[in-house]
There are 2 protein chains.
Amino acid sequence: MNELPKEMSFIINLWSVNSIISKRIDASLGTIHGIGFTEYMILFHLNNSHNKTMRRIDLANSIGLTASGITRIVSPMEKIGVVSKEQNKRDARVSLVKITTAGEVILGDATLSLKQNSKRLLEGVSESHLTNALEIFKFIGKDVYV
Amino acid sequence: MNELPKEMSFIINLWSVNSIISKRIDASLGTIHGIGFTEYMILFHLNNSHNKTMRRIDLANSIGLTASGITRIVSPMEKIGVVSKEQNKRDARVSLVKITTAGEVILGDATLSLKQNSKRLLEGVSESHLTNALEIFKFIGKDVYV
DNA sequence: GAAATAAGCTTGATTAGTCAAGTATCTATC
DNA sequence: GATAGATACTTGACTAATCAAGCTTATTTC
């Protein structure tokens with residue numbers, strides 16, 4: 001209607017598009033692999049990290065959740081054995097999270113379908129458009145895995 | 001770590017970046033104007049629509065919520081008078097939502113700070129990068145307001 | 001024009017997260 | 001080396017959304 005600055009259009013559309021897309025991804029991950037997108041992201045970040053292990057607070061920051069959000073979501077993941085709780089020798093405050101072999105298997109399977117899903121969703125978007133968007137994302141957030 | 005297809009990087013980073021950004025926007029809208037991002041989006045879409053009025057189901061689709069999500073969030077908005085409930089003469093099933101004058105005022109104020117916030121968040125991102133990203137968003141979702 | 005199906009909306013129960021407050025540990029300062 | 005402050009995490013209370021089921025009204029089909 002009224003002329004919106006591109007920056008604001010970006011924010012608004014980021015939100016709407018994410019809301020639409022993450023719902024679809026979530027549904028597909030949940031049905032096939034029994035995990036939600038957030039759980040996927042936790043496994044993904046753990047798997048990409050040094051020693052397959054992260055502090056809860058770093059996990060929180062890289063995913064965009066709060067510390068308490070991590071506590072709540074990781075606890076059932078420990079129970080079903082996809083991640084394990086480790087101690088930090090140097091600092092007794094921190095509780096480390098490590099992806100287990102079982103977790104790696106689930107992550108691998110889920111990644112396959114996620115790859116297919118994303119390709120299908122973005123079919124028709126050019127390589128250069130994607131590169132461009134990834135640059136913006138990298139600029140905004142620090143923890144971007146390309 | 002391992003070579004991810006750009007499409008999948010896009011999905012993953014869309015999610016993380018949105019989670020980070022929407023939290024900040026939400027906090028600022030909430031503190032200053034007493035509404036959340038979702039409420040803002042509802043007012044925004046209503047204001048841009050024909051007769052400032054929409055069906056709940058269309059509101060749901062354009063924002064990326066479910067019909068019940070709309071019911072729950074719109075109901076308190078009716079109580080405080082930023083939107084009103086209207087009937088559709090032709091179809092008694094539908095319940096229309098209309099932005100009120102009070103709602104327009106809040107929307108106007110909130111839009112001002114949202115504009116500032118988005119510019120600050122995206123300071124340094126080039127015009128062409130933004131245009132590019134908006135094209136992708138437009139491609140994915142149908143209800144993109146540029 | 002009756003019956004079957006679909007569309008729009010609401011409600012009860014549940015889930016995924018938040019925030020604020022509390023505990024435990026670590027670090028810095030004097 | 002005691003004290004003050006900061007950091008990591010958890011917990012209780014709450015919020016925003018979901019889904020499945022149900023209600024009402026429209027539309028299609030025969």
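Here is the naming used below: chain letters follow the sequence lines, and residue numbers restart at 1 for every chain. Since we're looking at a predicted model, the values are computed, not measured.
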Q.
Please identify which of these residues, A/Leu65, A/Leu29, A/Ile70, meets the side-chain contact (heavy atoms from CB on, under 4.5 Å) condition with A/Thr38.
A. A/Leu65
Q) So which heavy atom on A/Gly81 is nearest to which on A/Ala102, and how close? A) O-CB, 3.8 Å
Q | Distance in angstrom units between B/Ile42 CD1 and D/dA16 P, rounded | A | 11 Å
**Q.** Between P of D/dT7 and CG of A/Asn61, the distance in whole Å
**A.** 12 Å
Which donor-acceptor pairs under 3.5 Å do side chains of residues 89-96 of chain A form with protein atoms, sequence neighbours excluded?
{"from": "A/Asp91", "atom 1": "OD1", "to": "A/Arg93", "atom 2": "N", "distance (Å)": "2.9"}
{"from": "A/Asp91", "atom 1": "OD1", "to": "A/Arg93", "atom 2": "NE", "distance (Å)": "3.0"}
{"from": "A/Asp91", "atom 1": "OD2", "to": "A/Arg93", "atom 2": "NE", "distance (Å)": "3.4"}
{"from": "A/Asp91", "atom 1": "OD2", "to": "A/Arg93", "atom 2": "NH2", "distance (Å)": "2.7"}
{"from": "A/Ser95", "atom 1": "OG", "to": "A/Arg56", "atom 2": "NH1", "distance (Å)": "2.9"}

**Q.** Rounded distance (Å) that lies between atom C1' of C/dT10 and atom CD1 of B/Ile73
**A.** 16 Å
Q.
So if I take residues 26-35 of chain B and measure heavy-atom distances to DNA chain C, which residues fall below 4.0 Å?
A. none
Q: Flag yes if B/Met41 and B/Ile57 sit in one hydrophobic cluster, no otherwise; membership is Ile, Leu, Val, Met, Phe, Trp, Tyr, and two members link when side-chain heavy atoms are under 4.5 Å apart.
A: no
Q: Treat each ILVMFWY residue as a node, draw an edge where side-chain heavy atoms are under 4.5 Å apart, and state whether B/Leu130 and B/Ile21 are in one component.
A: yes
Q: Determine to 10° how strongly the helix from C/dG1-D/dC30 to C/dC30-D/dG1 is bent, judged from the axes of its five-pair ends.
A: 30°
**Q.** Nearest heavy-atom neighbours spanning A/Leu4 and A/Ser9
**A.** CB-OG, 3.9 Å
Q. Could you give the distance from CD (B/Glu127) to CG (B/Leu122), rounded to the nearest 0.5 Å?
A. 11.5 Å
Q) Going from CD1 on A/Ile11 to CG on B/Leu114, what distance comes out if it is rounded to the nearest 0.5 angstrom? A) 7.5 Å
Q.
Looking at A/Arg72 and C/dT15, is any side-chain donor or acceptor paired with a base atom of the opposite kind under 3.5 Å?
A. no
Q | B/Ile80-B/Tyr40 co-clustered via ILVMFWY side chain contacts under 4.5 Å | A | yes
Q: Report the distance from atom CG of A/Asn88 to atom P of D/dT7, rounded to the nearest whole Å.
A: 16 Å
Q. Do the side chain of B/Ser68 and the base of C/dC9 come within less than 3.5 angstrom through a donor-acceptor pair of N or O atoms?
A. no
Q.
So if I take every side-chain heavy atom of A/Thr38 and compare against C/dC9, D/dA17, C/dG17, which nucleotide ends up nearest?
A. C/dG17
Q) Looking at the side chain of A/Asp91, which of D/dT25, C/dT25, D/dT10 is the nearest nucleotide? A) C/dT25
Q) Roughly, in whole Å, what's the span from CG in B/Leu59 to C1' in C/dG8? A) 13 Å
Q | Which nucleotide in C/dT25, C/dT10, C/dG8 has an atom nearest any side-chain atom of A/Ala92 | A | C/dT25
Q. Whole-Å distance between C/dC19 C1' and A/Leu65 CG?
A. 14 Å
Q: Ignoring backbone atoms, establish whether A/Arg55 has a side-chain N or O less than 4.0 Å from OP1 or OP2 of D/dC9.
A: no
Q. Per the atom types in the model, does the base of D/dT24 pair as donor or acceptor with the side chain of B/Arg93 at under 3.5 Å?
A. no
**Q.** Same apolar cluster: A/Phe139 and B/Leu121, side chain cutoff 4.5 Å
**A.** yes
Q) Roughly, in whole Å, what's the span from CE in A/Met41 to P in C/dG17? A) 12 Å
Q) Mapping A/Ser95 and B/Thr66 to their closest nucleotides on DNA chain D, which lands nearer the 5' end? A) A/Ser95
Q: Give the rounded distance in Å between these two atoms: NZ of B/Lys89 and P of D/dA26.
A: 14 Å
